[in-house]
Amino acid sequence: MSSIRLRFAPAPTGSLHLGSARTALFNWLVARGSGGELILRVEDTNAELSKPELIDNIYRSLDWLEIDFDGEPVRQSQRADLYDDAVEQWISAGVAYEDEGAIRFRVPQDGTTSWDDQIRGAVVFENQHIEDFVVRRADGTATFFTANAVDDLDLGITHVVRGEDLVNVTPKVILLREALGESAPLKFAHLPLIINEQRKKLSKRRDDVALEAYRERGILPTAMVNYLALLGWGPKDDVEVRPISEIIEMFDIADVNPSAAMFDVKKLEAINGEYIRALSPEEFGKSIAPWLEEEDWAGNVDDEVLRQVAPLVQERTRVLAEAPKQLDFFFWDNQEMDSDAWQKVMLKDSARSILEAARSVLADVEWNVEALHEAVRKIAESHELKLGKAQAPIRVAITGRTVGPPLFESMYFLGREVVVERLGNALQKLVEAQR
RNA sequence: GCCCCCAUCGUCUAGCGGCCUAGGACACCGGCCUUUCACGCCGGCAGCACGGGUUCGAAUCCCGUUGGGGGUGCCA
């Protein structure tokens, strides 16, 4: 058995929570950085919690983050006998007693229970403030405290890394372990909470706490892990975005900041953007595929065109879910026109004249990016406009929007026929509107 | 109410007694680049909650105040 053993012990209450993911990550960092072992222990002492789909979600999420475990997962729902034995042991030792069918642990009325937290230092509770707590429910099932203490002992856990919201249960678990004759005290590290803008613990009701929600929006797992590592911890050399292998090497649980950390989606997305830009074109193409498939123009996507056009949007993408709207005009059947965009540029005096000039010049200009660029540049010149201004109506006519990938590259890949047709359509719409 | 924890720019952090007129990142604001938007680059704004100690010297150590948070289930 390895000298360092940790466990990640989620209760399968739904989709994996961001805070749980961070706890899993920090446990994993300690294990992988120390040559220790990490066990996955599912805390499904409560019957409703052992639903297969809930447990699957945990596996899927952890797998997505590439947080791996040693050995098979342990299910508390299958270890009732062990908990029973412990409770019987406490009863016969006189430290637990029956109360309305449940069994309570008798907490000493004097003295203190304390531990040296790796993140917070000494934490001390006076025993008189700890109430006698239930270790076995009237229905015969073990409570969290019992399962926790028994399993940590039985599995040879040496280090417990968990959220700060569990600080107050720690003295109870320590008492239970002592009553079981523990051979060595656990090393505890209570992680700071992840909080929202209101500086409150992330809540399921009002915050996006499901890890899956971020996956669905197109956050890369590597970016998520990197960002999560930065919540409560920071590298001493100030390089925040870096491979997980380096983080494993630099990470030390004792360096973790004890104060709560706000979850900042903007920063997550900024980091995600960096990871997206660092992808190879092939990887990027594969990454956005699931999002493109959901579009109604998905059937029109030409893989070769997509391959050439994807790099144009890669550096403009912060979350993968944004990719379709940057690429749609390459593939749609019925062109959509953003009305704000139309209002903004097509109502200008020069718009009609620019579109007319573009339609006629582009009808037989040489079809390459440089020539297209030059052609539009000349139109701009003749209208005494900067290229940036002059290309606006052309962009809107062709892409339906005021912003998007570089225009001349886009026109080039779209092809002469489509470009001229869209310019014509826009012109017609403009003329009709002016009548 | 009681118990426990926390306190460096708006946010995440570096700092673990002198290297700090406090560094980085995100956000924000200027500028450059430029075919839009981005990217990139340059610059700016902005912080040690307060009060006492300890010390030659405190963001760093101690105490208090204030403020915030967590817990207080036969949930986990």
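Computed from a prediction, not measured in an experiment: that's the story for all the values here. In what follows, every chain begins at residue 1, and chains take the letters A, B, ... in the order their sequences are listed.
A heavy-atom distance below 4.0 Å to RNA chain B is reached by these residues of residues 129-137 of chain A, ordered by number: A/H129, A/V134, A/R137. Within residues 380-394 of chain A, the residues having any heavy atom under 4.0 Å from RNA chain B are, by residue number, A/L387, A/G388, A/Q391. Residues of residues 335-374 of chain A having a heavy atom closer than 4.0 Å to RNA chain B, listed by number: A/H373.
With rounding to the nearest 0.5 angstrom, the CG atom of A/D132 is 7.0 Å from the CZ atom of A/R106. Atom CD1 of A/I130 is separated from atom OG1 of A/T113 by 4.5 Å, given to the nearest 0.5 angstrom.
In this structure, the CG atom of A/N196 is 13 Å from the P atom of B/rU11, given to the nearest Å. Between A/N257 atom CG and B/rC48 atom P there is a gap of 17 Å when expressed in whole angstrom units. Remark: P of B/rC12 and CD of A/E269 are 17 Å apart, rounded to the nearest angstrom. Regarding A/R401, its CZ atom lies at a distance of 16 Å from the P atom of B/rC37, rounded to whole Å. For the pair A/R22 CZ and B/rC12 P, the interatomic distance rounds to 12 Å; values are reported in whole Å.
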Which letter, B, S or -, goes with each nucleotide of nucleotides 26-33 of chain B from 5' to 3', with contact meaning a protein heavy atom under 4.0 Å?
SS------
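For the residue pair A/R137 and A/T141, a side-chain donor N or O sits within less than 3.5 Å of a side-chain acceptor on the partner. A/N272 and A/Y214 form no side-chain donor-acceptor contact under 3.5 Å, judged by distance and modelled atom types alone. In this model, a donor atom of one side chain and an acceptor atom of the other lie less than 3.5 Å apart for A/T170 and A/H190.
On the P atoms, B/rC6 is 13 Å away from B/rG64, given to the nearest whole Å. Look at the P atom in both B/rC74 and B/rU66: the space between them is 33 Å, to the nearest Å. Comparing B/rC5 with B/rG47, their P atoms are spaced 31 Å from each other, to the whole Å. Between B/rC16 and B/rA22, the two C1' atoms lie 14 Å apart (nearest whole Å). A gap of 10 Å separates the P atoms of B/rA27 and B/rG40, to the nearest Å. B/rC37 sits 14 Å from B/rG30 when the P atoms are compared, rounded to a whole Å.
Using a 4.0 Å heavy-atom criterion, one finds that A/F263 contacts no nucleic acid atom at all. Across all strands, A/P406 comes closer than 4.0 Å to base atoms (heavy-atom distances). Using a 4.0 Å heavy-atom criterion, one finds that A/G273 contacts no nucleic acid atom at all.
The shortest distance between the side-chain N/O atoms of A/T45 and the OP1/OP2 oxygens of B/rA76 is below 4.0 Å.
Sorted by first then second residue, the ring pair (Phe, Tyr, Trp, His ring centres under 6.0 Å) pairs that include residues 217-241 of chain A, not counting sequence neighbours, are A/Y227-A/F263, A/W233-A/F251. The list of salt bridge (Lys or Arg N to Asp or Glu O under 4.0 Å) pairs with a residue in residues 163-174 of chain A, not counting sequence neighbours, reads A/R120-A/E164, A/E131-A/K172, A/D165-A/K201. Counting only residues at least two apart or on different chains, no salt bridge (Lys or Arg N to Asp or Glu O under 4.0 Å) pair has a member in residues 185-194 of chain A. Counting only residues at least two apart or on different chains, the side-chain hydrogen bond (donor to acceptor under 3.5 Å, both in side chains) pairs with a member in residues 321-331 of chain A are A/T317-A/Q326, A/D328-A/R401. Here salt bridge (Lys or Arg N to Asp or Glu O under 4.0 Å) pairs that include residues 73-96 of chain A, with residues two or more places apart or in two chains, are A/D44-A/R75, A/R79-A/D151, A/R79-A/D154, A/D84-A/R136, A/E88-A/R136.
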Could you write out each protein N or O paired with an N or O of nucleotides 67-71 of chain B at a distance under 3.5 Å?
unit_1: B/rG69; atom_1: OP1; unit_2: A/K200; atom_2: NZ; d: 3.0
unit_1: B/rG70; atom_1: OP1; unit_2: A/K201; atom_2: N; d: 3.3
unit_1: B/rG71; atom_1: OP1; unit_2: A/K201; atom_2: NZ; d: 2.7
unit_1: B/rG71; atom_1: O2'; unit_2: A/N168; atom_2: OD1; d: 2.3
unit_1: B/rG71; atom_1: O2'; unit_2: A/N168; atom_2: ND2; d: 3.1

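With hydrogens and angles ignored, a donor-acceptor pair closer than 3.5 Å exists between the side chain of A/R316 and the base of B/rC37.
Residues meeting the side chain to side chain donor-acceptor pair (under 3.5 Å) test with A/E269, sequence neighbours left out: A/R217.
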For a quick test of your reading: what N or O donor-acceptor pairs under 3.5 Å do the side chains of residues 410-419 of chain A make, sequence neighbours left out?
unit_1: A/S410; atom_1: OG; unit_2: A/P406; atom_2: O; d: 2.8
unit_1: A/R416; atom_1: NH1; unit_2: A/L362; atom_2: O; d: 2.9
unit_1: A/R416; atom_1: NH1; unit_2: A/A363; atom_2: O; d: 3.1
unit_1: A/R416; atom_1: NH1; unit_2: A/V365; atom_2: O; d: 2.8
unit_1: A/R416; atom_1: NH2; unit_2: A/V365; atom_2: O; d: 2.8

